[in-house]
Amino acid sequence: MAQKYNPREIEKRWQQKWAADHIYEVKEDSRRPKFYALTMFPYTSGDLHIGHWYTMAPSDVYARFKRMQGYNVLHPMGFDAFGLPAENAAISHGIHPYDWTMKNIENMRRQFRSMGAIYDWNREVITCLPDYYRWTQWFFLRLYHAGLAYRAEAPVNWCPRCQTVLANEQVVGEGFCERCNTPVTKRELEQWFFRITKYAEELLDHSRLDWPERTKLMQKNWVGKSEGAEICLRLGHEGVEQKEIRVFTTRPDTIFGVTFFLLAPEHPLVCQLTTPEHKAEVDEYIAWCRRQNEYERVAMDREKTGVFLGSYVVNPLNGERVPIWIADYVLPSYGTGAVMAVPAHDERDLEFARKFKLPVRTVIVPPDSTGEEFTEVYTGSGTMVNSGEFNGLPSEQGYEAICALLEEKGWGKRTVIYRLRDWLISRQRYWGAPIPMIYCDKCGIVPVPEEDLPVLLPPDAEFRPTGESPLKYCQSFVNTTCPQCSGPARRETDTMDTFMCSSWYFLRYTSPETGDAPFGATKMKYWLPVNLYTGGVEHAVMHLFYARFFIKALRDMGLVNFDEPFTRLFNQGTIIYRGAKMSKSRGNVIAPDEYVAELGADAVRGYLMFIGPWELGGEWNDRGIVGVSRWLNRVWSLITTDYVPTHRGVVDPEAEKEFLHSTHKTIKEVTAELEKFRFNTMLASLMEFSNYLSKVKESGVVSDALWREAISYFLLLLAPTAPHLAEELWTRTGHPYSIHNQPWSEYDEELAREEEITLVIQVNGKLRDKVIVPASVSEVEAKELALGRERVKAYTDGKKLTRVIYVPKRVVNIVVAS
RNA sequence: GCCGAGGUGGCGGAAUGGUAGACGCGGCGGACUUAAAAUCCGCUUCCUGCAAGGGAGUGUGGGUUCGAGUCCCUCCCUCGGCACCA
């Protein structure tokens, strides 16, 4: 009896040999086409869980497949290492974020090694190390000098009790501090922004990208382009310096339906436009709004709130005097922070009008209107009414005519606005790349000179359970000298959003050893752009969007020579456990280690692929994992036990033909399914083939040579999926090391083609019979055959034949009158 | 609330508008074994029938089509993302 399949022993042995032989080390090579296969790097939370493997294992399979196809494949790995959890660990466990992070990385690296991926660890990138973050700072300076970084006030979540800034994640429930349960308020702070909106229009263009439609759509909605008009409302109010309010509308055609104007409570004119008798009420409402968190304010199902300011403004189109209100559903950050309310044609405005008994005036009637009053909001287009000289016009024409009039009279203009806001990158935290800026009383804001980078994080900062960023209290960090006047100055104590680190890490992988630049220009040019980027669908908007912005900004500075970082993108779905995404902070993680120890990495890799379509993800359960493990065991015994031909010199040509057909059909299917990332059906094809091989082995009908050929094809197809087992069996069947340096198998189209098909015969769309026919069957033959079948006649005899539909190689549908 | 995706056997899932349930798990029966595990063979959507067969069936209710899991509309549920599209 042959030796048993022992994944533990095999996997360890091959991992060691591959490492010792450096077979996965990557060099630039002009003789082969390059392929940059990038997988989103993990956050250093401490352990790799099943969710990480779900991201990493199938992408490793694909990278191995490309490698066998002859590409020079770069498939690197690294760690996204700055962020809030490290700092929380520091506060609650007294361990320094650096130590916590590096310890986690060590553990995660060990787990990665057990997976058997082709990562070239010489290229590892860790974002929290000074030789990485000095370049993150360098990019900040470049963006600043390019006019893309600026300072402005922006609200942060503030816990009045902890006296600290809270991340959105730390605000729980209906706006409470996660530590002390105190209601969270907003506080305005001067912070740094990147002018991402400058690229809004270009970021909408995905036309040259091979990306999933859903991801492109999410990004498009994120940019949120709206075309409309900006209208100036003249203010002649006493004591108000500003002479106009600007409102934005996408529906200038409804302007005659305006019955009130609304400002965001934060709008700068609110205070001046409030009459003394309304001041108390307005102040109270504004204070109440400041306590609202984003989530509450955004909820559409809650009751509308707002207050009247006591003042009015004139609608330029009809000269009407219209009241000004404030309402929290008007957002200061969108458009001009002021809107014209048209309750007849906007759902939210109608709700507001009903609550506060404000008038509603219909100005558009639907094309099919019979003239009766309608009580529901109508947001479509139609014919204009109650609109003065524009009455009777279709609203599309009215839109144009009113815009033209606004522009002619100087009352407003056509404009485009975006929902996209500039990227706020300041974080009031320790564990991030310090923003390399200095504040000097004499010189103002002064950037740190490039040659002084990195601005190092002080190792001796204190982590208090409450209080603001530890950097703020670290005197040795804060106090510095001005690079311009050498006088005393203070450092910026905010650090950068970690999305900044992950916006350029893929450039660093190409040349992580580079000391005088963020990357080596020649190597970067060889590898970039990334041919295939894979990662969780949860990053469809923010990370992927920021990285695209970054590359466009770098392009405009002349640092890179391409427009888009990721030519092809695949977003895999999310692994759910106990009703939510697996994450350490939620505490619903499943570690792969036990499964690996028991069944082997090849089985775990295989199971994660077999579970379902990669792009869908799904609820984790391990019910089927033994199935993949058993299959690998069957493969082991299929190949390690001898094949005994039974034909005694005279082979059955039909049997051999079928055998070759089966082999080449499998090569064709597996190749196509890998190319489409259909790992689940790729595995099913491999299983079907190995089941077939078992049957053939039992009968022994094919020659020994043919059998051996089929086995080596099978192992080559298996190699990306189960790299350890395939390598072991490759060696055992007498092939030269290593299977992972072999070319991918080509199939013979002639042999892969089906010779016989099952023709389905339907009567009135119902399956009534099946018949096996040669694939070359003609339409006439098929129809004749179908009509002549006994089982079919039972349903057609005595009935009138109306049609016979023929779908080549599939169906004959006989339609009879009933 | 908004944006995006998904609902198919007991379970994970398969199916260019053309045989619904591939492949695997679980279950049932059998072989091997003193026995168990492992392994191998067979059956396994539901109802009806001795059988051949017949009928129903892809979250809900409609529609388009010779034919719908697949396309269109309504609603319900689950998951991912989020910074009232004025």
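Letters A, B, ... mirror the listed sequences (proteins, then strands); counts begin at 1.
Looking at heavy-atom distances under 4.0 Å, A:Y334 makes contact with a base. Residue-level contact check: A:G337 touches the bases, meaning some heavy atom is under 4.0 Å from a base atom. Counting any heavy atom pair closer than 4.0 Å across all strands shown, A:T249 reaches sugar-phosphate atoms only and no base atom. At a threshold of 4.0 angstrom between heavy atoms, the contacts of A:I814 with the nucleic acid are absent. Nucleic acid contact for A:V807: base, since at least one base atom lies under 4.0 Å from a heavy atom of the residue. Residue contacts for A:G335: at a heavy-atom cut-off of 4.0 Å it reaches no nucleic acid atom on any strand shown. Nucleic acid contact for A:W222: base, since at least one base atom lies under 4.0 Å from a heavy atom of the residue.
Comparing A:G618 and A:P808, the nucleotide of RNA chain B nearest to each residue sits closer to the 5' end for A:G618. Map A:I625 and A:L217 each onto its nearest nucleotide of RNA chain B; the residue landing nearer the 5' end is A:L217.
Under the 3.5 Å distance criterion, with hydrogens and angles disregarded, no donor-acceptor pair is assigned to the side chains of A:R427 and A:Q191. In this structure, a donor-acceptor pair under 3.5 Å is absent between the side chains of A:Q572 and A:T534. Side-chain N/O atoms of A:Y43 and A:S502 include no donor and acceptor closer than 3.5 Å. There is a side-chain donor-acceptor pair under 3.5 Å between A:D349 and A:Y329. Looking at A:S685 and A:E673, their side chains do bring a donor and an acceptor atom within 3.5 Å of each other. Checked by atom type, the side-chain pair A:R548/A:H543 shows no donor-acceptor distance below 3.5 Å.
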Check your understanding: What do the steps show when you test A:E779 against A:K783 for salt bridge (Lys or Arg N to Asp or Glu O under 4.0 Å), and what is the final call?
Key -> CA-CA 6 Å; A:E779 173 162 359; A:K783 284 180 173 175; 2.9 Å; yes
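Comparing B:U65 with B:C76, their P atoms sit 28 Å apart, to the nearest whole Å. For B:G29 and B:U19, the C1' atoms lie 28 Å apart once the distance is rounded to whole Å. Of the C1' atoms belonging to B:C75 and B:G62, the separation is 11 Å, rounded to the nearest Å. Spacing of C1' atoms, B:G9 relative to B:U45, comes out at 5 Å, to the nearest Å. B:C66 sits 40 Å from B:G1 when the P atoms are compared, rounded to a whole Å. Nucleotides B:G42 and B:C23, compared at atom P, are 12 Å apart to the nearest Å. Nucleotides B:G18 and B:G27 place their C1' atoms 33 Å apart, quoted to the nearest Å. Only the P atoms considered, B:G69 is 14 Å distant from B:G61, to the nearest whole Å.
Remark: side-chain polar atoms of A:E244 are not paired, donor with acceptor, to backbone N or O of A:L233 under 3.5 angstrom. One N or O on the side chain of A:H345 and one on the backbone of A:V363 form a donor-acceptor pair closer than 3.5 Å.
Salt-bridge formation is detected for the pair A:K216/A:E213: a Lys NZ or Arg NE/NH1/NH2 atom is positioned less than 4.0 Å from an Asp or Glu carboxylate oxygen. Electrostatic pairing of A:E598 and A:R8 does not count as a salt bridge here, judged by no charged N lying under 4.0 Å from a carboxylate O. The residues A:E754 and A:K809 are annotated as not salt-bridged, no charged nitrogen and carboxylate oxygen being separated by less than 4.0 angstrom. Salt bridge A:E619/A:R578: absent, no basic N to carboxylate O contact under 4.0 Å.
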N/O contacts under 3.5 Å, protein versus nucleotides 65-67 of chain B?
{"residue": "B:C66", "atom": "OP1", "partner": "A:R803", "partner atom": "NH1", "Å": "3.3"}
{"residue": "B:C66", "atom": "O2", "partner": "A:N813", "partner atom": "ND2", "Å": "2.5"}

Measure all distances between protein nitrogen or oxygen atoms and nitrogen or oxygen atoms of nucleotides 27-32 of chain B, and list the pairs falling under 3.5 Å.
none

Using the 3.5 Å cut-off, write out each protein N or O paired with an N or O of nucleotides 6-12 of chain B and the distance between them.
{"residue": "B:G12", "atom": "O2'", "partner": "A:I611", "partner atom": "O", "Å": "2.6"}

Grab the N/O contacts between the protein and nucleotides 49-56 of chain B below 3.5 Å, and write none if there aren't any.
{"residue": "B:G54", "atom": "OP1", "partner": "A:Y795", "partner atom": "OH", "Å": "2.8"}
{"residue": "B:G55", "atom": "OP2", "partner": "A:R768", "partner atom": "NH1", "Å": "3.3"}
{"residue": "B:A56", "atom": "OP2", "partner": "A:K766", "partner atom": "NZ", "Å": "3.3"}

Are there any protein N/O atoms within less than 3.5 Å of an N/O atom in nucleotides 71-80 of chain B, and if so, which ones and at what distance?
{"residue": "B:G80", "atom": "OP1", "partner": "A:K581", "partner atom": "N", "Å": "2.9"}

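With sequence neighbours left out, the ring-ring contact (aromatic ring centres under 6.0 Å, His included) criterion links A:F356 to A:W325, A:F352. For A:F194, the ring-ring contact (aromatic ring centres under 6.0 Å, His included) criterion is met by A:F140, A:W423, not counting sequence neighbours. Partners of A:F193 under the ring-ring contact (aromatic ring centres under 6.0 Å, His included) rule, at least two apart in sequence or in another chain, are A:Y150. Partners of A:W620 under the side chain to side chain donor-acceptor pair (under 3.5 Å) rule, at least two apart in sequence or in another chain, do not exist in this structure.
Side-chain proximity of A:R678 to the nucleotides B:A83, B:A14, B:G4 is greatest for B:A14. Here the nucleotide nearest the side chain of A:R419, chosen from B:U16, B:A86, B:C85, is B:C85. Checking B:A83, B:G18, B:C85 against the side-chain heavy atoms of A:S226 singles out B:C85 as nearest.
A donor and an acceptor atom never sit less than 3.5 Å apart when one is taken from the side chain of A:R214 and the other from the base of B:A5.
Screening residues 677-700 of chain A for salt bridge (charged side-chain N to carboxylate O under 4.0 Å, His left out) gives A:E615-A:R678 as the qualifying pairs, with residues at least two apart or on separate chains.
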Check your understanding: Given pairs defined as Watson-Crick or G-U wobble with both distances under 3.5 Å, what dot-bracket annotation applies to RNA chain B, with ( ) intrastrand, [ ] crossing, | other strand and . unpaired?
Key -> (((((((..(((.....[....)))((((((.......))))))((((....))))..(.(((..]....))).))))))))....
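Of the inter-residue distances, the one linking A:T681 atom OG1 with A:E669 atom CD reads 9.0 Å to the nearest 0.5 angstrom. Between atom CD of residue A:E230 and atom OG1 of residue A:T336 there is a gap of 6.0 Å, rounded to the nearest 0.5 Å.
A heavy atom lying under 4.0 Å from RNA chain B marks the following residues of residues 683-693 of chain A, by number: A:A684, A:M687, A:E688, A:N691.
OP1 or OP2 of B:G1 has not a single side-chain nitrogen or oxygen of A:R348 nearer than 4.0 Å. Applying the 4.0 Å criterion to OP1 and OP2 of B:A14, one finds that A:N680 has a side-chain N or O inside that range.
Rounded to an integer number of Å, the gap from A:L331 CG to B:C85 P is 7 Å. When rounded to the nearest whole Å, the span between CG of A:L544 and P of B:G4 equals 17 Å.
With a 6.0 Å radius and a threshold of 12 heavy atoms from other residues, nucleotides or ligands, A:K355 has its NZ atom above the threshold. Residue A:R414 places its CZ atom among more than 12 non-hydrogen atoms of other residues, nucleotides or ligands, all under 6.0 Å distant.
In this structure, A:R421 fails the cation-pi test against A:W222, since its NZ or CZ atom is not both closer than 6.0 Å to the six-membered ring centre and inside 45 degrees of the ring normal.
Here B:G9 is in the syn range [glycosidic angle within 90° of 0].
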